[in-house]
Chemist: 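Submitted below is the structure of interest, expressed as structure tokens.
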There are 4 protein chains.
Amino acid sequence: MARGNTRQRIQDVALELFGEQGYEKTSLREIAERLEVTKAALYYHFKTKEDIIISLFQDLTRPMDEVIEWGRTQPKTLDVKLEILRRYSEALIGAEPLFRFMQENQATMRELSIGEMFKERMHAMVDLLKDPDSAMSDRIRCFTALFSMHAGMFVLKDMEGDPEEKRTSILEVANDLVVQAHRNSRA
Amino acid sequence: MARGNTRQRIQDVALELFGEQGYEKTSLREIAERLEVTKAALYYHFKTKEDIIISLFQDLTRPMDEVIEWGRTQPKTLDVKLEILRRYSEALIGAEPLFRFMQENQATMRELSIGEMFKERMHAMVDLLKDPDSAMSDRIRCFTALFSMHAGMFVLKDMEGDPEEKRTSILEVANDLVVQAHRNSRA
Amino acid sequence: MARGNTRQRIQDVALELFGEQGYEKTSLREIAERLEVTKAALYYHFKTKEDIIISLFQDLTRPMDEVIEWGRTQPKTLDVKLEILRRYSEALIGAEPLFRFMQENQATMRELSIGEMFKERMHAMVDLLKDPDSAMSDRIRCFTALFSMHAGMFVLKDMEGDPEEKRTSILEVANDLVVQAHRNSRA
Amino acid sequence: MARGNTRQRIQDVALELFGEQGYEKTSLREIAERLEVTKAALYYHFKTKEDIIISLFQDLTRPMDEVIEWGRTQPKTLDVKLEILRRYSEALIGAEPLFRFMQENQATMRELSIGEMFKERMHAMVDLLKDPDSAMSDRIRCFTALFSMHAGMFVLKDMEGDPEEKRTSILEVANDLVVQAHRNSRA
DNA sequence: TATGAATGAGCATTCATTCAT
DNA sequence: GATGAATGAATGCTCATTCAT
């Protein structure tokens, strides 16, 4: 029996169950049972239920923060924008379960403190992709691009086809949208 | 105290609260209290909690069904497709709170019977918009078009601008995506 | 649709359901639903739930009362005792569902006013069968005789064999017990 | 306040109340209140309400199982049969409250899983007492013997006399029945 | 003879959380 | 680094009953 990694195991199981059933419908009893520990053990590692998902959010969104930080140091050329999308799309792979969770538990997100954190990140990304004086429809294009990247992977889960192919198809559609927005605002 | 409209009032308040706090976190006690009736009164009008939202779904999605029915009788020209989008966008207006609810409670939707009903409707719409032999990226374009129409209205709620203008902007973006898909599949 | 017999129909369905599921677990809603009337209709015919079963008890135990009344006018010979058993066994046939109900809902009976009524009847029967100075084991024989007649029919339901044959077999065993008691007390 | 015996105390109080008022009419609130714990504490020790009485059944019927096991190893002589009755009668003493409960809540028993367990035990006992080719009336004698032993103790509670004397009187009547059945089948 | 609408009290069950050990 | 035992608050739901119509 592995030692000292209980905290990690709790996170894994929690994300799995939150994803399957939603945050509200997943009880600490379930998490504890699947791990074969007692509920009280969870409380040794995390102060509250919300604490568990906050910790997940912080751990899993670091790669995305890095994309944003990198983007901020770059000029607003089309090439950079597309590179941001590409990196973002890759960063999303590891965080898929978390995004699936966030996507599917938005009502819950709003009351949890991480809801705000996520919104800020989203706006930061849009700011990198759009130009300062973009028309509304172009801002919507950028939004839609990001949005479909977040949602795409699991919404399209029941569409036939190879996952990696789907990801690049989604990326292609997102690219198109950003290219369009870029051109419109420079026209 | 008004008579005979209790059922309707329950639906109204329920949709409001489900939208604000999510389905799981909204208790029947809350709904009853806001209506100043007892919980048992809710059970006179609806057999279960799930029954309440099923009834909402059925009542509010009728206009969309009509769009789909109409679309099925039409030829698959680009003009028809754009007309479908336009009508669908309009049909969505009245159902906004419901879609907001569904968008934000996807984890819950999966266990509720209306989850399936919704998926079917979505597929029916995509079938009207895409051509039989479309490439994956074009099917994704159609999906994304619909998806952003559903989600757009409330996701963009905190973006400044007139709601009606937003709606037409979203429609414009959706149009572009469908036009693109249409052209690709005929090329 | 028959008229004016709703009261009777309520009694029939109630006894059926009380027998199937027990008194506590049978709700007025169920009775009403099976009759295709509203709960409120039941309250037009009976003041309370308990009232329904009291009325059943009164209607169905009349034949037994008649046996007891007859027995009281007779001398305490063995022949009379056996005739009492025979008549009682026959009287039980029509009341089988009621006895099944009472047998299976004794805990409930104790709180319902008919519990007492039944006990009195039982003692009256034992008094007819035993002699004034019987030994305890002979009183128990009489008790057991009656008891097995009450319980026998449904307890033995899952034993193979013809129902009428079972009834006469039970009666035979009861006869033996009473004969034995009679002889002991005269020995 | 005593520790570590809460489970036992719950069982004791539950059996007492189930016996007094019936299973359905006894609420967990009542049990908890009488024990001066919260309802939730009951759920720490038992998964459901039914679980409480299952545990009681299992704990209290062990002595009877032992009688049956012993009986199976013995030849089917009359002496053995009477010894089985004697041991069974003794085993019943400790289980009196449980049998009282089962006797008085038969309607409930039918839906609870222990209903079946009990039926099997009853059949196993009859098989030990009757001979393979017994006539129906002899099988009924065996049944009646057992039945009156189960029911006798509490049904006769309001009959005057010493409890231990009652028990042996009942046993005597049961003996007679089994002797009779034994002789008939060997005649 | 009924019904439609509602109530008040209650029930079994679940949950996040606490704390002494 | 964990457990055993418990709590307080809540939840969805059901029930017998009432009463104006």
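Chain naming here is simple, since letters A, B, ... match the order of the sequence lines and numbering starts at 1 in each.
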Chemist: Taking the six-membered ring where the residue is Trp, are the ring centres of B:F57 and B:F101 under 6.0 Å apart?
Modeler: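 No, they do not, as the ring centres are separated by 6.0 Å or more.
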Chemist: So, is the end of the B:K49 side chain (NZ or CZ) under 6.0 Å from the ring centre of B:Y23 and within 45° of the ring's axis?
Modeler: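 Yes, B:K49 lies over the aromatic ring of B:Y23.
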Chemist: Does a nitrogen or oxygen in the side chain of A:T6 sit under 4.0 Å from OP1 or OP2 of F:dA2?
Modeler: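 Yes, because at least one side-chain N or O of A:T6 sits under 4.0 Å from OP1 or OP2 of F:dA2.
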Chemist: Whole Å only: how far is the CZ atom of B:R29 from the P atom of F:dC13?
Modeler: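 Answer to the nearest Å: 15 Å.
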Chemist: Closer than 4.0 Å, any side-chain N/O of C:Y44 to the OP1 or OP2 of E:dA2?
Modeler: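 No, C:Y44 has no side-chain N/O under 4.0 Å of OP1/OP2 on E:dA2.
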Chemist: Does a salt bridge link C:E33 with C:K39, judged by any charged N lying under 4.0 Å from a carboxylate O?
Modeler: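 Judged by the 4.0 Å cut-off on N to carboxylate O distance, C:E33 and C:K39 do not form a salt bridge.
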Chemist: Please list, for nucleotides 17-21 of chain E, all pairs of protein and nucleotide N/O atoms separated by less than 3.5 Å.
Modeler:
{"from": "E:dT17", "atom 1": "OP2", "to": "A:Y43", "atom 2": "OH", "distance (Å)": "2.8"}
{"from": "E:dT17", "atom 1": "OP2", "to": "A:K49", "atom 2": "N", "distance (Å)": "3.0"}
{"from": "E:dT17", "atom 1": "O5'", "to": "A:Y43", "atom 2": "OH", "distance (Å)": "3.2"}
{"from": "E:dT17", "atom 1": "O4", "to": "A:K39", "atom 2": "NZ", "distance (Å)": "3.3"}

Chemist: Over 60° means perpendicular and under 30° means parallel, so classify the ring planes of A:F118 and A:H150, tilted if in between.
Modeler: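 A:H150 vs A:F118 ring planes: tilted.
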Chemist: If you measure from the Lys or Arg side-chain nitrogens to the Asp or Glu carboxylate oxygens, is any gap between B:R110 and A:E104 under 4.0 Å?
Modeler: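 Answer for the salt bridge query: yes.
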Chemist: When you measure from the side-chain N and O atoms of B:H45 to the phosphate of E:dG4, is any distance below 4.0 Å, counting only OP1 and OP2?
Modeler: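 No, no such contact exists.
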Chemist: Whole angstroms only, please: what is the CD-P distance between C:E33 and E:dG4?
Modeler: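 It works out to 13 Å between those atoms.
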Chemist: Taking pairing as Watson-Crick or G-U wobble with both contacts under 3.5 Å, can you name the mate of E:dT7, or confirm there isn't one?
Modeler: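 Checking every strand shown, E:dT7 finds its partner in F:dA16, with both distances under 3.5 Å.
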Chemist: Whole angstrom is fine here: how far is it from CG in C:L17 over to P in F:dC15?
Modeler: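 C:L17 atom CG is separated from F:dC15 atom P by 12 Å.
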Chemist: Roughly how many Å is it from CZ in A:R9 to P in F:dG1, rounded to a whole number?
Modeler: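 Between P of F:dG1 and CZ of A:R9: 13 Å.
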Chemist: Please tell me which of the listed nucleotides, E:dG4, E:dT7, E:dC15, lies nearest to the side chain of C:T38?
Modeler: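 Minimum distance to the C:T38 side chain belongs to E:dG4.
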Chemist: Measure from CD1 on A:I31 to C1' on E:dC15 and round the result to the nearest Å.
Modeler: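 Result: 12 Å.
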Chemist: If each of C:Y23 and D:A41 is mapped to the nucleotide of DNA chain F with the nearest heavy atom, which maps nearer the 5' terminus, i.e. the 5' end?
Modeler: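 Of the two residues, D:A41 wins.
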Chemist: Report yes or no: is the cationic atom of D:K25 (NZ for Lys, CZ for Arg) closer than 6.0 Å to the six-membered ring centre of D:F18, at no more than 45° off its axis?
Modeler: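 Cation-pi check for D:K25 and D:F18: fails.
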Chemist: Expressed as a whole number of angstroms, how long is the span from D:L42:CG to F:dG8:P?
Modeler: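 Value for this atom pair: 14 Å.
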Chemist: Would you indicate, yes or no, if E:dC15 has its OP1 or OP2 atom less than 4.0 angstrom from a side-chain nitrogen or oxygen of A:S27?
Modeler: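 Yes, such a contact exists.
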Chemist: Measure the distance from CG on D:D51 to P on E:dA12 and round it to the nearest whole Å.
Modeler: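 Going from CG in D:D51 over to P in E:dA12 covers 14 Å.
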Chemist: Expressed as a whole number of angstroms, how long is the span from B:E24:CD to E:dC15:P?
Modeler: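 Rounded to whole Å, this separation is 11 Å.
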Chemist: For F:dT21 versus E:dT1, give the span between their C1' atoms, rounded off to a whole number of Å.
Modeler: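 It works out to 13 Å between them.
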Chemist: Can you see whether C:Q21 engages C:E30 through a side-chain donor-acceptor pair at a distance of less than 3.5 angstrom?
Modeler: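 The criterion, which ignores hydrogens and geometry beyond distance, is satisfied for C:E30 and C:Q21.
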